[in-house]
There are 2 protein chains.
Amino acid sequence: MIRKADMRTPVQEITWAEAGDNRIFLKRDDLLPYSFGGNKVRIGLAFFENMKKRGGDAMIMYGSPRSNLCRVLASMCCESGIPAVMVSSEEDSEEPVHSFNAAITGHLGTVVLPCSKKEIAETVDRAFSLLRKEGRNPYYIYGDRTGTGNEAAAASAYSEAYEEILEDQNRLQVSFDYLYTPYGTGATMGGLISGAVRHASLKQNPYIVGISISSRSPERASDVLTRTVSASLAEQKLAFPDAPDRFFRLESRYNAGGYGLYNDEIEETIRKMLSRNSVPLDPTYTGKAFLGMIRDLRERNVKGKNILYLHTGGLPLFFDYLNFDHESAG
Amino acid sequence: MIRKADMRTPVQEITWAEAGDNRIFLKRDDLLPYSFGGNKVRIGLAFFENMKKRGGDAMIMYGSPRSNLCRVLASMCCESGIPAVMVSSEEDSEEPVHSFNAAITGHLGTVVLPCSKKEIAETVDRAFSLLRKEGRNPYYIYGDRTGTGNEAAAASAYSEAYEEILEDQNRLQVSFDYLYTPYGTGATMGGLISGAVRHASLKQNPYIVGISISSRSPERASDVLTRTVSASLAEQKLAFPDAPDRFFRLESRYNAGGYGLYNDEIEETIRKMLSRNSVPLDPTYTGKAFLGMIRDLRERNVKGKNILYLHTGGLPLFFDYLNFDHESAG
């Protein structure tokens with residue numbers, strides 16, 4: 001299985017005319033060398049190690065059928081002989097989703113319990129019962145049945161990865177003014193903020209901007225983020241900062257209507273990124289947030305800055321998108 | 001665009017019960033950080049640089065609709081503003097092929113000229129005319145209209161990569177007894193042999209075994225290989241060795257009937273590799289040749305050896321396979 005020592009990803013400068021005279025760099029976490037890559041490789045490993053630390057011997061995870069995290073955790077559990085149950089909720093969109101992530105997760109022997117978004121807690125209970133009946137001590141990645149309590153473990157991955165980004169700055173001799181990231185569950189962005197707060201005394205800390213990819217309200221998104229950052233900092237015996245705005249902001253204007261939804265401009269962004277840089281994006285996370293970043297830079301009149309975009313991966317979703325495109329085209 | 005300096009891939013030891021007490025290592029060239037990875041990233045870059053060296057400003061390539069090489073070259077040309085024409089021949093199998101490689105190549109603006117296998121030379125001529133009419137100086141990757149003459153450029157990539165494998169041995173403190181590779185066009189295996197001959201004086205040269213994945217006859221395969229190795233060695237001012245068997249052998253028994261064809265045992269190999277090691281294989285190249293290697297080790301009673309398998313990638317083909325699986329199942 002992948003170890004932390006294997007996790008170091010390249011930073012690549014790309015050309016992007018629409019970004020004006022800002023320099024755009026990609027942190028290629030899509031290339032993490034395990035199970036098709038992506039930020040969830042770092043986060044999945046943090047959960048997996050947290051499970052072992054707590055004496056767990058069975059994994060319960062939650063996600064949509066498109067979930068990258070569940071696919072990565074399914075890989076880790078399958079390799080290690082750990083039984084895995086996925087609580088899988090339906091999506092915002094009404095069409096049935098063909099998802100390579102779901103196909104791979106299924107191939108890897110994870111038991112899937114489908115449910116509506118209102119039945120998540122009950123279904124998590126059911127997963128616990130199933131595994132306990134088999135004599136197992138199950139671990140639920142998000143903590144209690146309502147999905148709270150384990151924010152520190154989730155955030156620890158990118159709190160640590162923040163160190164790598166500081167090293168990237170030194171190696172490349174570039175100071176990143178902004179660090180943009182897709183915002184979904186808050187684990188990635190929360191971790192990055194925790195890292196930035198830990199290094200608050202440094203001059204070259206990039207300002208973190210999260211682009212929300214779902215319809216979660218700004219208030220709720222901000223609550224989740226505060227709870228995540230606080231938990232991560234508490235574990236490091238650090239206090240939540242007085243003026244958190246100094247470290248980050250969250251943008252909810254670029255979500256294209258909700259999780260899994262996208263528009264022509266996002267599709268054009270995916271095509272352009274492939275043509276110009278041979279880098280795959282997807283419409284759910286990375287393409288949507290990249291476009292959000294470009295629009296945000298323009299609307300705020302940002303010029304002449306060094307921008308790092310965290311490419312959080314999810315390669316199977318790129319192939320889902322190509323499939324869909326193929327089917328629509330006939 | 002990717003540079004040679006970015007090309008260094010990990011070696012990973014895997015568990016594979018059917019290999020007995022042999023240790024199995026994967027050289028993860030599927031993780032080459034460009035355009036979905038694979039051996040064709042190294043080979044494509046060698047062609048692309050050869051084109052520039054010869055003053056070419058347009059690319060003609062040839063391959064099946066499943067071609068990984070054409071997809072990589074399409075990426076390089078698209079990024080660099082070089083017009084690209086692909087001569088695309090039909091396959092052995094009679095069913096129409098849905099191929100992500102073809103979809104990506106199309107997205108990248110490559111002009112595709114379909115033809116039968118008997119019309120390749122005429123279609124290459126047509127590609128030359130098309131591009132010359134536009135005032136271009138086209139470069140055909142395989143040399144003349146019959147597809148010969150450029151073997152040295154093709155082989156140079158893995159002749160150089162051989163150095164990396166020797167470094168891997170030193171770094172890991174493991175001496176590889178055998179180096180297995182899928183054999184298709186001969187460019188990869190021919191390059192490796194060229195590297196091995198260059199280092200003939202070393203004690204720790206692994207013995208190279210190619211597993212043919214197509215129905216090319218052993219005689220023809222051997223001819224192609226000899227021509228490729230000779231061309232590569234000539235360019236380095238080295239002679240073809242007197243006893244080439246000392247360096248390699250070619251196995252044609254594990255081709256499952258021909259290019260693109262596969263069987264239950266190959267499918268089982270793909271599933272096992274995903275479950276045990278989270279490594280994707282495909283039925284056309286890497287899964288077929290990996291199974292061929294395991295069978296070859298058993299049939300030759302190889303025991304207690306260190307085996308390096310060159311994972312030549314082709315990730316889009318893994319997703320083609322999942323698609324097919326999905327359609328059959330549903």
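So you know, we letter chains A, B, ... as the sequences are listed, proteins then strands, and number each from 1.
Annotation: the span from Asp320(A) atom CG to Asn323(B) atom CG amounts to 9.0 Å, rounded to 0.5 Å. Note that CE of Met1(A) is 9.0 Å distant from OG of Ser278(B), once rounded to the nearest 0.5 Å.
Remark: aromatic rings of Phe36(A) and Phe319(B) are close, center separation under 6.0 Å.
Surrounding CG of Asn170(A) are more than 12 heavy atoms belonging to other residues, nucleotides or ligands, all under 6.0 Å away. Under a cut-off of 6.0 angstrom, the local environment of CG in Asp21(A) is crowded, with over 12 non-hydrogen atoms contributed by other residues, nucleotides or ligands.
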Test log, rule side-chain contact (heavy atoms from CB on, under 4.5 Å), inputs Ile104(B) and Leu322(A): CA-CA 8 Å; Ile104(B) 295 166; Leu322(A) 276 196; 3.5 Å; yes
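Contact between Leu274(B) and Leu108(A) at its shortest, heavy atoms only, is O-CD2, 3.5 Å.
Between the side chains of Glu79(A) and Ser275(B), not a single donor N or O lies within less than 3.5 Å of an accepting N or O.
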